[in-house]
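To start, the structure under review is shown below, and the notes come after it.
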Amino acid sequence: MLVLVTTVAVMVMIYSDSYMFYDEGYIKFFCYLSLFTASMLGLVLSPNLIQVYIFWELVGMCSYLLIGFWFTRPSAANACQKAFVTNRIGDFGLLLGILGFYWITGSFDFQQLSKRFFELLSYNQINLVFATFCALFLFLGPIAKSAQFPLHIWLPDAMEGPTPISALIHAATMVAAGIFLIARMFPLFQMLPFVMSIISWTGAITALLGATIALAQKRS
């Protein structure tokens with residue numbers, strides 16, 4: 001993931017140098033771009049859910065700023081607001097999930113979280129209904145960030161930002177952040193079969209929906 005983020009970010013920055021050269025917001029653009037890259041790297045390197053949430057919000061803020069970079073266009077202003085609101089829904093669910101798992105295990109650390117959850121589950125000291133709800137709330141964050149059904153509605157409009165941003169955020173790194181968090185939490189999720197089924201069905205529906213829309217959509 002570190003290789004993916006750094007490689008794509010470097011390529012985008014090289015391309016953006018000529019693409020944005022004559023734009024009035026050249027310096028501001030690279031400030032936003034650098035902050036986004038730093039936030040993504042922080043997200044990847046975070047060893048616990050608290051740091052993940054902090055960098056998760058920073059990534060969301062940078063996405064809002066970059067999608068609405070040309071905010072004088074009404075379409076760009078509407079697109080960044082739509083992305084912001086949709087991602088806040090997911091982020092609220094993520095926060096509830098993090099707090100719920102802390103309530104259960106007393107830890108934010110990824111390794112300790114899974115270990116303590118397994119131990120408590122072995123001794124039947126966990127309310128499975130509550131744990132399942134916590135996992136589903138936490139899954140709302142990746143659903144929004146990775147534009148999965150039903151919180152996928154922000155992604156088509158997000159192309160109003162500069163072209164390099166579409167490559168960096170919406171095709172490579174930011175949408176991979178949600179999948180990365182699922183991978184980090186996988187040892188815990190696999191102990192909750194119902195949640196694993198929901199994750200699988202969400203991915204399948206999103207893939208089918210995206211493919212169906214692509215078949216019928218006409219180039220404007």
Side-chain angles (χ1 to χ4, degrees), residues 1-92 94-95 98 108 110 141-148 151-185:
M1 190 67 178
L2 282 173
V3 173
L4 172 68
V5 173
T6 51
T7 303
V8 173
V10 167
M11 295 296 104
V12 167
M13 286 182 179
I14 292 171
Y15 177 75
S16 299
D17 181 49
S18 57
Y19 186 87
M20 300 295 292
F21 187 76
Y22 296 103
D23 194 282
E24 293 180 357
Y26 178 86
I27 295 174
K28 182 173 68 174
F29 177 82
F30 274 92
C31 287
Y32 293 163
L33 198 59
S34 299
L35 182 59
F36 175 84
T37 305
S39 301
M40 272 302 303
L41 291 173
L43 177 62
V44 173
L45 293 170
S46 298
N48 58 67
L49 286 170
I50 288 294
Q51 289 184 32
V52 163
Y53 189 76
I54 291 169
F55 288 113
W56 191 274
E57 291 300 321
L58 281 172
V59 166
M61 182 192 73
C62 294
S63 172
Y64 169 78
L65 293 172
L66 288 165
I67 293 170
F69 186 76
W70 289 320
F71 58 87
T72 51
R73 300 178 184 176
S75 56
N78 292 332
C80 70
Q81 290 174 20
K82 188 175 184 179
F84 183 83
V85 171
T86 306
N87 276 277
R88 292 297 70 74
I89 295 170
D91 293 353
F92 182 65
L94 176 64
L95 179 61
I98 290 172
F108 292 112
F110 285 114
I143 285 177
K145 196 69 76 181
S146 295
Q148 302 290 298
L151 298 179
H152 63 286
I153 55 174
W154 65 271
L155 189 58
D157 297 325
M159 300 304 165
E160 289 295 333
T163 300
I165 298 312
S166 298
L168 180 66
I169 294 180
H170 313 123
T173 57
M174 183 174 136
V175 291
I179 309 303
F180 177 76
L181 181 57
I182 294 296
R184 293 295 297 269
M185 295 294 293

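Please read all numbers here as calculations on a predicted model, not as lab measurements. Positions are given from 1 along the sequence. Only heavy atoms go into these numbers, but all of them, side chains included; no hydrogens, no water, no symmetry mates.
In this structure, the side chains of V52 and R184 stay at 4.5 Å or more apart for every pair of heavy atoms. At least one side-chain heavy atom of L49 sits under 4.5 Å from a side-chain heavy atom of M185. Two residues are said to be in side-chain contact when any heavy atoms from C-beta on lie closer than 4.5 Å; M13 and P164 fail this criterion. Counting only heavy atoms from C-beta outward, the side chains of L94 and W56 approach each other to under 4.5 Å. Side chains of D23 and W70 form a contact here, defined as non-hydrogen atoms less than 4.5 Å apart. Residues I14 and M11 are in side-chain contact: their nearest non-hydrogen atoms beyond the backbone lie under 4.5 Å apart. Side-chain atoms of N87 and Y64, non-hydrogen and from C-beta on, never get closer than 4.5 Å to each other. No side-chain heavy atom of V44 sits less than 4.5 Å from a side-chain heavy atom of L4.
For the residue pair G178 and K145, the shortest heavy atom distance occurs at N-CG, 4.4 Å. When all heavy atoms are compared, the tightest approach of A83 to W154 is CA-CB, 3.6 Å. Contact between G90 and A144 at its shortest, heavy atoms only, is CA-CB, 3.8 Å.
Side-chain atoms of S146 do not come within 3.5 Å of backbone N or O of A176 as any donor-acceptor pair. With S34 contributing its side chain and C31 its backbone, the two residues share no donor-acceptor pair below 3.5 Å.
Other residues, nucleotides and ligands contribute only 12 or fewer heavy atoms inside 6.0 Å of the CZ atom of F71. More than 12 heavy-atom neighbours from other residues, nucleotides or ligands sit within 6.0 angstrom of CG on L2.
Once rounded to the nearest 0.5 Å, the distance linking CZ of F29 with OH of Y19 reads 8.5 Å. Atom-to-atom distance recorded for F55:CZ and L43:CG is 8.5 Å, nearest 0.5 angstrom. To the nearest 0.5 Å, the span separating CZ on F36 from CG on L33 amounts to 8.5 Å. Atom CE in M174 sits 11.0 Å away from atom CD1 in I165 (nearest 0.5 Å). Taking CE of M1 as the reference point, atom CD1 of I179 lies at 9.5 Å (rounded to 0.5 Å). Distance check, rounded to the nearest 0.5 Å: CZ of F180 to OG of S46 gives 8.0 Å.
For R88 and F92, the positive end is not near the middle of the six-membered ring at less than 6.0 Å and at most 45° from its axis.
Under the 6.0 Å cut-off for aromatic ring centres, Y26 and F30 qualify, their centroids lying closer than that.
When each of L155, I143, L151, D91 is checked for a side chain to side chain contact (heavy atoms under 4.5 Å, CB included) with T86, only L151 meets the rule.
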- Would you check, one step at a time, whether the test side chain to side chain contact (heavy atoms under 4.5 Å, CB included) holds for Q51 with L45? CA-CA 9 Å; Q51 289 184 32; L45 293 170; over 6 Å; no

- Check step by step if side chain to side chain contact (heavy atoms under 4.5 Å, CB included) holds for L181 and F110. CA-CA 10 Å; L181 181 57; F110 285 114; 4.3 Å; yes

- Task: Any chance you could lay out the side chain to side chain contact (heavy atoms under 4.5 Å, CB included) test for N78 and E160, step after step, and finish with the verdict?
- Result: CA-CA 9 Å; N78 292 332; E160 289 295 333; over 6 Å; no

